[in-house]
Asks: 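Let me begin by handing over the structure; questions about it come next.
Order of the sequence lines fixes the chain letters, A, B, ..., with proteins taken first and strands second; residue numbering starts at 1 for each chain. Bear in mind the structure is a predicted one, so any value in this text is a computation, not a measurement.
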There are 4 protein chains.
Amino acid sequence: MSHTETLTSVEELSLAQRFQDVRAQTMRLVAPLETEDLVVQPAEFVSPAKWHLAHTTWFFEVFVLQASSPSYQLFHPDFPFLFNSYYVSAGDRWTRAERGFLTRPTVAEILKYRTYVEEHLLDFLSREDLSPEQQHVMEVGLQHEQQHQELLLYDIKYILGYNPLLPVYDSTLNVRHSATGLSDWVAIEKGNYLVGFEGEGFAFDNEFGRHEVHLEAFEIADQLLTNGEYLEFMEAGGYEDHRLWLSEGWDWVSEQSRKVPLYWYQEDGRWMQYTLAGARALDLNAPVAHLSYFEADAFARWKGCRLPTEFEWEVAQAHRQGADVGGFVEDQLSEPCSVAGGYLGNLWEWTSSAYLPYPFYKAPKGALGEYNGKFMINQKVLRGGSYATPRSHIRPTYRNFFHPQLQWMFSGVRLAKHK
Amino acid sequence: MSHTETLTSVEELSLAQRFQDVRAQTMRLVAPLETEDLVVQPAEFVSPAKWHLAHTTWFFEVFVLQASSPSYQLFHPDFPFLFNSYYVSAGDRWTRAERGFLTRPTVAEILKYRTYVEEHLLDFLSREDLSPEQQHVMEVGLQHEQQHQELLLYDIKYILGYNPLLPVYDSTLNVRHSATGLSDWVAIEKGNYLVGFEGEGFAFDNEFGRHEVHLEAFEIADQLLTNGEYLEFMEAGGYEDHRLWLSEGWDWVSEQSRKVPLYWYQEDGRWMQYTLAGARALDLNAPVAHLSYFEADAFARWKGCRLPTEFEWEVAQAHRQGADVGGFVEDQLSEPCSVAGGYLGNLWEWTSSAYLPYPFYKAPKGALGEYNGKFMINQKVLRGGSYATPRSHIRPTYRNFFHPQLQWMFSGVRLAKHK
Amino acid sequence: MSHTETLTSVEELSLAQRFQDVRAQTMRLVAPLETEDLVVQPAEFVSPAKWHLAHTTWFFEVFVLQASSPSYQLFHPDFPFLFNSYYVSAGDRWTRAERGFLTRPTVAEILKYRTYVEEHLLDFLSREDLSPEQQHVMEVGLQHEQQHQELLLYDIKYILGYNPLLPVYDSTLNVRHSATGLSDWVAIEKGNYLVGFEGEGFAFDNEFGRHEVHLEAFEIADQLLTNGEYLEFMEAGGYEDHRLWLSEGWDWVSEQSRKVPLYWYQEDGRWMQYTLAGARALDLNAPVAHLSYFEADAFARWKGCRLPTEFEWEVAQAHRQGADVGGFVEDQLSEPCSVAGGYLGNLWEWTSSAYLPYPFYKAPKGALGEYNGKFMINQKVLRGGSYATPRSHIRPTYRNFFHPQLQWMFSGVRLAKHK
Amino acid sequence: MSHTETLTSVEELSLAQRFQDVRAQTMRLVAPLETEDLVVQPAEFVSPAKWHLAHTTWFFEVFVLQASSPSYQLFHPDFPFLFNSYYVSAGDRWTRAERGFLTRPTVAEILKYRTYVEEHLLDFLSREDLSPEQQHVMEVGLQHEQQHQELLLYDIKYILGYNPLLPVYDSTLNVRHSATGLSDWVAIEKGNYLVGFEGEGFAFDNEFGRHEVHLEAFEIADQLLTNGEYLEFMEAGGYEDHRLWLSEGWDWVSEQSRKVPLYWYQEDGRWMQYTLAGARALDLNAPVAHLSYFEADAFARWKGCRLPTEFEWEVAQAHRQGADVGGFVEDQLSEPCSVAGGYLGNLWEWTSSAYLPYPFYKAPKGALGEYNGKFMINQKVLRGGSYATPRSHIRPTYRNFFHPQLQWMFSGVRLAKHK
């Protein structure tokens, strides 16, 4: 896996070139793995790495190639059944919880599948003038594969970190350290603001409908919460004090005997955490990661603060001072940077907002209408991207979403409060 | 159970008088039941009726009597353990899912418990000048018992309706019929509006913080969705079309093979529903009740509409024309009225809003801080009250909340859309 | 509940008289209960007492009255659905795990059902000369109701003992104490023996087929294991030593954190147990009761002994010295007797035998064929009867059976060993 | 994998030679697999193939090398934790249900582990005069690895057969066909017989204690039940007739909607089954395999017969006419032979006997005491071995055991009846 400096902006690249770049990046991410690592599924929310390799390929095969050319021959008649994720409109599919039970097709066969579809797709791109609709679906396919690149890293970390041997994913990954001050509060005035996406370039359906919201005056931290600050909460008995927790969070803490964030453990009295480069002593100045919403929310309450809404976050991001410096997947980091930085990259930031449609939201027609809208229940919005996010994939209006008990994604915390 | 005409507004009544009225109303609600009906718990979200009788008493005993007089003797040392619901601050409690396993104390003993606490409480009210804090807790106790009156009716209906004999709760309950037209759309202008509670009288912590919100222009139905309209959705295959459902809703429909709302069934080709007065032919003009959020949301999508947000609902309620006519518990209805009416009473109306804190929300200190705030996750707001709600209990700013899969509460649907 | 001295042997009584006696005994057993106690079901293996009252009635109604007279009118058309237990041949039935969700029919209605069926049955007995088949079914009905009398006491004890208030079932029950020596070993020679039922009188299908078995020489205790002996096992760390347990027993102990037999607890350092007469200090000389097979087996292994097979038990019973003195339900005991005694009565004795058909076993035709044979898997045989067993119900060849993890029946332990 | 003709009887071979042979056979079994196939665990009763490779190695490492030489260096300090199966005495172990979540150690690392332990063990065997105890543990280690060879084939078949692609394990495996007549009945006289192991050579603790049993006269089939006969049962509605099933069997059929044996399916109206050589048309003359006890028992009842007890089986085997011809693992079969044959090999035969200790049974001391005895509950005995059994591993007194609902082992049915 090597760092790719992109001087050319993605918009100037041809679709074919971008397709090749994105596909190559997926392969770079799995390069450090052993074959065995690509097969298993230790939790329902995790998918085997080889499934990601095939599923992203299926997306192009079915939604671009098959949809565009009646004569297109599927690589294998059973692969749509095996590699459709949740698109009910696209036909029956293998049970999600049992993706890790399938040893075939092997990794080698899936790589052949990738090559087959890539060749047909490049041929298709070279021969056709794509309709706007086709261009859009290609674009969604690229964004989709980038999202799965991010999930791949979550899943790889979870699979390796679940193993008591704590194997290293990649020992050559970078760590970015710098002296860190405490976070400062940035004030935003009460008023009406515009939020949501508008303009050129790609955005998902859930970002559209730029619209006015009214915000009360608030203050927001200019940095992410650190491991050191979170350790104070733990040492103050945060996990034992029911008053700090949402009721379902307290159930979660109690039933699972939670005492620390995911990937933290103690060794000879020292706090350690599992990273993509293996076990490391906990860096107290680095941002705390892998908190569930319940933990983020409990910490904020303990601190007398709260999490920002997604609109506060978006408005604060637009008013930020200085450039974003936080890492993206191209920075090849083993863990988030302990560097004062901006809003994009490093860690996804939990907001207090439920994941709901914007005023004028309309799901697209067809199977792609299942992409976002049907998940708008019981999930929380996260903003900003992470060090597993491709730099070209993120926007300030980007809305990510997860269930409140999940921890395996690269999530962090930015505090807010009313004046 | 007889209808009480209150000419005197509740504010003018003494606390003691209101206490006696509320307590008497609870007893009226259980009067038609057999002893056996008061004991069981056919689902975790249901509580035995005798548990409600004791729990509401415990609330006054612990938060008023015990908190105010160190010399107060508990009626029974084990009752706080048995009848605390979810107040972790107030000590250990019997497992919620096992409330229906306890045959003792018997109903007769619980009635003695009620009398004992009532006598002590009236004595306390007569002898003391209550501090504002004490007055507030008394007030919360009254509101709390009113909420449990409503839950009592949900639970009684569920317990009796679960029984294949479909026993009648009360055959003397009223039905309100009138010719009904189709619902009309009422338009509300884009703009900033104030929402939330402010002013005299009681409101819950979750309503406070009157604040400005920005709304896009929208239209909202002036009547509730009817059984007849919902039947059209069913007959059009609504339960079989995944595209209409949220993903978790589709799982719910599929796993539980849902095809009809709770309490509906067919007999000799005729649609029937279980009501508090027993089995009745379905009234196509009456409002559809007992929909889960998933069903309400799927119907709205099928209709090309959506559910209103809680703020749209609150603003529309303030702009309504004509008085509210819809039934309250004092109207002693067996089912919701088929009468064009207002926003308060008849059925709780699902909104698309997640149950979240208002800006500036602060939970009270102590055990009562667990009343509302800790439930602000994974639930949806409902507005307006139902025919199980005491008239004196409801307000336009009142925020009720339930999980999206629940159906046993008296819930209904008012559609909205953007112009 | 009063003690019935029967000078007349049951065989001399008319069927009608025996029917009335058995039915009256069932009512005596529930007489001390409150209505609430008759309704609930705190575990799937427990049934509500009112269900027992109705189910035993249903048995006579369907298998005698309805089977014999085409003109017989069911008391209620839905009762067969509600009160069939597991007779698939007899039609659909209400889910076993949800018997405790039904408040109707009320206890009063079930008593009317009992009276209705009793009147019709006595009329039937007075008017007809019963065929041998009809006599047999009547006899099975009586034995069946006696078995449910025993289950009634298990279930009543479980329901009341589950309640933290530990309510008393009947404070007038007897305790039989006497000085107790240690158990002695009785030797039985190696040889072929005959086992199984043969002769006059009633026996269940699973006892028939008297047949030869070969036994190695063995020794068997002349008394039941006592609470005091079991306490030694506990204090020696028996529940913590995996080597003493069957693998599934160790899982059971570990997952449920078992440390003591059912109904034991400590209060101020003293060992207590819940009895039918309420909480009592543990009598160290009384037989230990409410052990699962796993516990009985682990104790025996710890002691260097084993449990007898059901054939060793039956042969040893036939060779016993002295009369059986141990209590039956007519003795109205609150707990087993601390009295050296015989093999019948007091507590059911776990044997190491799996519940399997005897050579030549044949299940009867029709629904009664479901009575015993279909349960011959994954259960263990117990022998001898208990202080909840009617004296007229038990025989040395009687084969009771339960799953190895169950504790709520009145089970005890008699040790055996090879010389 | 190639067929090894052993002219030398195993008893004459040195321990070292036998160790090398057994280890090599394990590797032959996994040779046809892809790396991915070795990793997953689609059911708790299945283990990943790479786990078998490591666990059998751990057995020798811990019970022979570590137990014999204090200076022995473990290959890896964490492997005992990862590869102990159920030996509580041997320390903590990884959760059984999560064996398929571990990608590391990789297959390559486990092969190094095998080589390391093999080298140390051969060195140990060459340098030491083994004590009888050490010889015994070595012998158990060899038998243990042979048992896992059999499990390996069960698990491999299950893993590949679970995959909708139905991949072939080994297309070069043999099928043995021959004309088949119907099964004949062989009569055995009533009398006392000796059963259990006695004499030279290895046997497991559960076979020892040769002892007398009394058997009634019976008849037993001289051949296994065939696919054709089982198909008749299916076509006669066997899976729909509750009267044929044990109660727990009927629950199993109902809850899982069972209609066919494991690995059977229909394609274009033709009955197919998955074999180790891939999908094949069902051979009606071949023995039916992969029945649960519930299915075997239901079939026997439908046929008016029953399953033999394990003692009937053992006595009948001793009285058989003609040699055993049925396949063993060395015969490299893809499925059981359709050949009239004896009692050993081809398929394990369900008996009606519960798995219980023989009189005088004593579990060995130490961790190996956990090998057999602790599983003597809720399981059924199977006799005879299968085409996955090494020929040198089986004996007529060999007692295999499985839970009654399991189907993935290579099990078959031999009918019995009383005259």
Side-chain angles (χ1 to χ4, degrees), chain C residues 86-89 190-194 209 211-218 241-252 254 293-294 297 301 306 309 311-312 352-363 365-367 369-370 372-380 403-405 418-419, chain D residues 86-89 190-195 209 211-218 241-252 254 293-294 297 301 306 309 311-312 352-363 365-367 369-370 372-380 403-405 418:
Chain C
Y86 55 66
Y87 299 87
V88 184
S89 305
K190 173 182 167 77
N192 278 21
Y193 294 91
L194 282 169
H211 65 289
E212 214 172 331
V213 294
H214 179 77
L215 301 183
E216 302 297 322
F218 69 99
D241 186 351
H242 71 89
R243 295 170 306 174
L244 302 172
W245 297 81
L246 290 166
S247 180
E248 295 186 13
W250 185 243
D251 293 344
W252 176 81
S254 307
Y293 181 82
F294 295 132
D297 173 77
R301 192 167 292 112
R306 58 179 178 80
T309 67
F311 302 127
E312 289 173 337
S352 64
S353 297
Y355 180 45
L356 290 173
Y358 283 176
F360 316 114
Y361 173 72
K362 263 203 132 48
K365 297 241 179 273
E370 300 183 48
N372 277 307
K374 74 179 183 183
F375 300 111
M376 292 177 175
I377 189 76
N378 290 344
Q379 308 214 38
K380 287 291 191 180
H403 284 100
Q405 74 281 12
H418 285 294
K419 274 200 204 177
Chain D
Y86 55 65
Y87 299 87
V88 185
S89 305
K190 173 182 168 76
N192 278 21
Y193 295 90
L194 283 169
V195 296
H211 65 288
E212 215 171 328
V213 293
H214 180 78
L215 300 183
E216 302 297 323
F218 69 98
D241 185 350
H242 72 90
R243 296 169 305 171
L244 302 172
W245 297 82
L246 290 166
S247 181
E248 296 186 13
W250 185 244
D251 293 345
W252 176 81
S254 307
Y293 181 80
F294 294 132
D297 173 77
R301 191 167 292 112
R306 58 178 178 81
T309 68
F311 302 128
E312 290 173 335
S352 64
S353 297
Y355 179 45
L356 290 172
Y358 283 177
F360 315 114
Y361 173 72
K362 261 200 134 49
K365 296 239 179 274
E370 299 183 48
N372 277 306
K374 73 180 183 183
F375 300 111
M376 291 176 175
I377 188 77
N378 290 345
Q379 309 214 40
K380 286 290 190 181
H403 284 99
Q405 75 279 14
H418 284 295

Asks: Do you know which of D:Leu356, D:Val88, D:Asp297 has the most heavy-atom pairs with chain C at a distance under 4.5 angstrom?
Replies: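 The answer is D:Val88.
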Asks: Can you sort out the partners of C:Asp251 under salt bridge (charged side-chain N to carboxylate O under 4.0 Å, His left out), two or more places apart, ordered by chain and number?
Replies: none
Asks: Enter the distance from D:Trp250:CH2 to C:Lys374:NZ here, rounded to the nearest 0.5 Å.
Replies: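 Reported to 0.5 Å precision, the distance equals 10.0 Å.
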Asks: So which part of C:Val213 gets closer than 4.5 Å to some heavy atom of chain D, the side chain, the backbone, both or neither?
Replies: backbone
Asks: Using a 6.0 Å cut-off, check whether atom NZ of D:Lys190 has over 12 heavy atoms from anything other than its own residue.
Replies: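 Yes, enclosed.
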Asks: Considering non-hydrogen atoms only, spot the tightest contact between D:Glu212 and C:Glu216 and give its length.
Replies: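 That closest heavy-atom pairing would be N-OE2, 3.8 Å.
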Asks: Would you indicate whether the side-chain heavy atoms of D:His211 and C:His214 approach each other to under 4.5 Å?
Replies: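 No, every pair of side-chain atoms sits at 4.5 Å or beyond.
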Asks: What residues, two or more places apart in sequence or in another chain, satisfy side-chain contact (heavy atoms from CB on, under 4.5 Å) together with C:Ile377?
Replies: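 Listed in chain order: D:Leu246, D:Glu248, D:Tyr293, D:Phe294, D:Lys380, D:Pro404.
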Asks: Any side-chain heavy atom of D:Ser247 sitting closer than 4.5 Å to one from C:Met376?
Replies: no
Asks: Out of C:Pro359, C:Ala354, C:Ser352, C:Gly369, which one racks up the most heavy-atom pairs below 4.5 Å with chain D?
Replies: C:Pro359
Asks: Please look at C:Thr309 and chain D and tell me whether the side chain, the backbone, both or neither of the residue comes under 4.5 angstrom of a heavy atom of that chain.
Replies: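 Neither part; nothing is under 4.5 Å.
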Asks: What distance do D:Arg306 atom CZ and C:Phe360 atom CZ have between them, rounded to the nearest 0.5 Å?
Replies: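 Here the interatomic distance stands at 8.5 Å.
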Asks: Salt bridge or not between D:Glu370 and C:Arg243? Use side-chain N to carboxylate O under 4.0 Å.
Replies: no
